[in-house]
2 protein chains.
Amino acid sequence: MRADNRLPRVLHALLHMAEMKGPATSSQLAKMLGTNPSVVRRTMSGLRDAGLLISVKGHGGGWSLKKPLEEISLIEVYEALGQPQLFAIGLSQSGSGCLMEKAADQFTANALAKASSAFQAELREVKVSEIAHQFKNQLESGAGRKQHQI
Amino acid sequence: MRADNRLPRVLHALLHMAEMKGPATSSQLAKMLGTNPSVVRRTMSGLRDAGLLISVKGHGGGWSLKKPLEEISLIEVYEALGQPQLFAIGLSQSGSGCLMEKAADQFTANALAKASSAFQAELREVKVSEIAHQFKNQLESGAGRKQHQI
DNA sequence: ATCTTATGTGACATTTAATGTTACATAAGA
DNA sequence: TCTTATGTAACATTAAATGTCACATAAGAT
C-alpha cells in the first residue's frame with residue numbers, strides 16, 4: 001500500500017495557515033504541500049466538516065482556521081481526516097473458519113490494538129500549537145547555532 | 001497499500017506445524033493458509049534463516065520447527081520476517097526543506113514511534129505457545145458451550 | 001448582468017508495495 | 001534416473017493511496 005500522508009500534510013498546512021493574515025487558497029496550500037489544489041480541497045474538507053476550518057468561495061476566499069492552534073489537538077485532526085488506517089499490517093482473513101487462524105489473528109489484532117491505543121493517546125496529548133512552537137525553536141537554532149541539533 | 005498479512009499467516013502456520021508429526025510441505029501449508037507454495041517458501045525462508053525453522057529438500061522433506069513454540073516469542077517471528085513495515089501512515093517527505101513540514105513530520109513520527117514501541121513490547125511478552133493454548137480453549141468452548149464467546 | 005476567482009465533487013490515471021503466479025534450477029530420497 | 005521437495009527470479013495482479021482533469025456552484029469585482 002502507498003503510505004497515507006494526510007496527517008503530517010494537514011498539520012503542515014495548519015502551521016502555514018496560522019501565520020497568514022487572510023484565508024489561504026487551495027492553490028497556495030498546494031504549492032506549500034507539493035501537491036495540487038484538488039487534493040487540498042479533498043483533504044481539508046473533513047477538517048471543515050469537523051469545525052476546525054472554514055472555507056469560503058469566490059474572490060478573497062479560501063481556507064481559514066476556525067479556532068486557534070492552542071485549541072486543536074492532533075487527535076481532532078486525525079479524527080477529522082476520518083481516522084485513516086494506521087497499520088500496513090493486517091489479519092489473515094482467509095475466511096476459512098480455521099480456529100488456528102482465528103487465534104493467530106486475535107493475537108495479532110491485540111498487539112495492533114495496543115499500538116493504536118498508544119498512538120491515539122499521544123495524539124490526544126499534543127496540541128497543534130506545540131508543533132508551531134517547535135518550528136519556531138528550530139528557526140532560532142537554525143539561524144545561529146547548529147550544535148543543539150540531534 | 002495492500003495489507004501485509006505475513007505475521008498472522010506465519011503464526012497460523014506455526015500452530016499447524018506444531019500439531020504435525022513430520023515436516024510440512026510448502027503445498028500443505030499453502031492449502032492451510034489459502035495461498036500457494038511459492039508464497040509459503042518465500043515467507044518461511046526468513047524464519048529458517050533466523051533459526052526458528054528447518055527446511056529439507058526431497059522426499060519426506062518440508063518445513064519443521066527447530067524449537068518448541070514455548071521458546072518462540074512473537075517478536076522473534078516479526079523480526080524473522082524482516083520487521084515488516086507496521087504503519088500505513090507516512091511522513092510528508094516532500095523534500096522541500098520547509099521547517100514547518102519538518103516540525104509536522106517530527107510530531108507525526110513521534111506518535112508513530114510510541115505506537116511501534118507498544119506493538120513490539122506486546123510481541124515481546126507473548127510466546128507462540130500461548131496462541132496455541134487459546135486455540136485449544138476455543139476448541140473446547142466451541143464444542144459444548146457457546147455462551148462464553150464475546 | 002457578466003466576468004473572475006474560488007470551492008465542491010465526481011471520474012479516472014498513476015503510483016507503490018504487497019500477494020499471486022509461473023518457470024526453472026537444485027538437492028535428495030526412492 | 002525418476003520423483004519430490006525447496007530455492008529463487010521474473011512477472012502479473014491487486015488494493016489503496018495520491019495525482020489529474022473536468023465541470024458545477026457560489027460569490028465578490030467590474
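Regarding contacts with the backbone of C/dT7, a side-chain N or O of A/Ser26 is found under 4.0 angstrom from either OP1 or OP2. Applying the 4.0 Å criterion to OP1 and OP2 of D/dT20, one finds that A/Asn36 has a side-chain N or O inside that range.
Salt bridge B/Lys67/B/Glu76: present, at least one basic N to carboxylate O contact under 4.0 Å. One finds no salt bridge joining B/Lys127 and B/Glu70 here, because no Lys/Arg side-chain nitrogen approaches an Asp/Glu carboxylate oxygen to under 4.0 Å.
Within the shown strands, C/dT21 is the pairing partner of D/dA10 under the Watson-Crick or G-U definition, both distances less than 3.5 Å.
Protein atom CD of A/Gln85 is 17 Å distant from nucleotide atom P of C/dA17, rounded to whole Å. Atoms CE (A/Met44) and P (C/dA6) sit 16 Å apart, rounded to a whole Å. Going from atom CZ of A/Arg6 over to atom C1' of D/dA16 covers 10 Å, rounded to whole Å.
Here CD1 of A/Ile131 is found 10.0 Å from CG of B/Asp105. Values are rounded to the nearest 0.5 Å.
Within 4.0 Å of B/Ser27, counting heavy atoms only, lies no atom of the nucleic acid at all. B/Gly60 comes within 4.0 angstrom of no nucleic acid atom, judged by non-hydrogen atoms across all strands.
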Heavy atoms under 4.0 Å is the rule here; annotate nucleotides 7-14 of chain D 5' to 3' with B where the base is hit, S where only the sugar-phosphate is, and - elsewhere. BBBB--BB

